Amino acid sequence: MTTEISYEDQFERAISPAQAAILERYIKVFSVNGMAKRKEEYRKGERIHLIYYRDPDEPAEAILADYKLFPTIEIRERHRVGNYIRVNYFEYADGVL
């Protein structure tokens, strides 16, 4: 299981770590085996939002407990539909849907 870290701007376009360092707002992406697992959004150096790609065996309650320091958490679920991947998401503010 290989974990990689990359960066995106606020529009989810790839940027370099050097670009992220000078931007007021950026996203830090944690990918496992080439697929995004979580994205942490920062503004002025503070974590403001989490996007978490949930596996079917991961309970949402555990994710919310593990990342409770984020003010908002978006949990995304990927589903294969034929040749496509459908993404459903649920957004929580302070642990509430």
Side-chain angles (χ1 to χ4, degrees):
M1 189 156 86
T2 304
T3 301
E4 296 176 4
I5 297 174
S6 59
Y7 297 87
E8 296 176 343
D9 65 13
Q10 65 185 3
F11 304 107
E12 297 187 80
R13 295 181 298 216
I15 60 172
S16 70
Q19 289 171 306
I22 61 171
L23 288 175
E24 181 177 304
R25 193 171 183 166
Y26 67 92
I27 300 168
K28 188 174 185 178
V29 182
F30 297 82
S31 298
V32 177
N33 297 327
M35 296 279 293
K37 182 62 179 170
R38 76 178 194 265
K39 295 182 176 189
E40 298 178 353
E41 186 172 352
Y42 291 82
R43 183 173 50 219
K44 296 182 181 178
E46 290 186 36
R47 294 184 296 191
I48 60 167
H49 185 71
L50 174 73
I51 297 171
Y52 190 93
Y53 292 87
R54 182 173 84 95
D55 293 329
D57 61 339
E58 290 180 287
E61 296 79 14
I63 297 165
L64 294 173
D66 289 346
Y67 297 100
K68 63 185 171 197
L69 296 179
F70 284 88
T72 60
I73 299 173
E74 181 179 321
I75 297 178
R76 295 182 179 179
E77 300 171 350
R78 296 180 182 116
H79 304 278
R80 184 166 295 282
V81 179
N83 293 330
Y84 301 95
I85 296 177
R86 183 181 75 206
V87 178
N88 296 330
Y89 69 93
F90 305 91
E91 190 153 350
Y92 298 82
D94 296 321
V96 178
L97 182 62

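Sequence positions, counted from 1, serve as the residue numbers for this chain. Computed from a predicted structure; not experimentally measured.
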Q: Specify the closest pair of heavy atoms between Gly95 and Leu64, including all atoms of both residues, with the distance to one decimal.
A: O-CD1, 4.2 Å

Q) Charged N to carboxylate O below 4.0 Å: is that the case for Arg54 and Glu77? A) yes

Q. Nearest 0.5 Å, what's the NE2-CD distance between His49 and Glu74?
A. 4.5 Å

Q: Walk me through it: do Lys37 and Glu4 pass the test side chain to side chain contact (heavy atoms under 4.5 Å, CB included)?
A: CA-CA 10 Å; Lys37 182 62 179 170; Glu4 296 176 4; over 6 Å; no

Q) If you take all heavy atoms of Ala36 and Val29, which pair is closest and at what distance? A) CB-CG1, 4.2 Å

Q.
Donor-acceptor check, side chain of Ser31 to backbone of Ile5, threshold 3.5 angstrom: yes or no?
A. no

Q: Give the intermediate values and the outcome of side chain to side chain contact (heavy atoms under 4.5 Å, CB included) for residues Glu8 and Arg13.
A: CA-CA 5 Å; Glu8 296 176 343; Arg13 295 181 298 216; 6.0 Å; no

Q. Distance under 6.0 Å and angle within 45° of the ring axis: does Arg38 meet both against Tyr52?
A. no

Q) Which is it for Lys39 and Leu50 under the side chain to side chain contact (heavy atoms under 4.5 Å, CB included) test, yes or no, and what are the steps along the way? A) CA-CA 6 Å; Lys39 295 182 176 189; Leu50 174 73; over 6 Å; no

Q. Say you draw a straight line from NZ of Lys44 to CZ of Arg25; how long is it, rounded to the nearest 0.5 Å?
A. 11.0 Å

Q.
When you compare the side chain of Asn88 with that of His79, does any pair of heavy atoms fall below 4.5 Å?
A. yes

Q) Taking Glu58 for the side chain and Asp55 for the main chain, is one N or O donor matched with an acceptor at less than 3.5 Å? A) yes

(Q) To check you understand the geometry: which heavy-atom pair defines the closest contact between Asp9 and Leu23, and what is its length? (A) CB-CD1, 4.4 Å

Q: Give a yes or no answer on whether the side chain of Lys28 reaches the backbone of Ser6 with a donor-acceptor pair at less than 3.5 Å.
A: no

(Q) I need the minimum non-hydrogen distance between Phe90 and Leu97, along with the two atoms involved. (A) CB-CD1, 3.8 Å

Q | Worked verdict on Ile27 versus Tyr7 for side chain to side chain contact (heavy atoms under 4.5 Å, CB included) | A | CA-CA 6 Å; Ile27 300 168; Tyr7 297 87; over 6 Å; no

Q) Can you tell me how far CD of Glu46 sits from CD of Glu41, rounded to the nearest 0.5 angstrom? A) 12.5 Å

Q: Answer whether the closest heavy-atom distance between the side chains of Tyr89 and Ile75 falls below 4.5 Å.
A: no

Q | Side-chain touch Tyr53/Ile51, heavy atoms, less than 4.5 angstrom | A | yes

Q: Please say whether more than 12 non-hydrogen atoms of neighbouring residues, nucleotides or ligands are located less than 6.0 Å from CG in Asn83.
A: no

Q: On the 0 to 90° scale, with breaks at 30° and 60°, tag the Tyr42-Tyr26 ring pair as parallel, tilted or perpendicular.
A: parallel

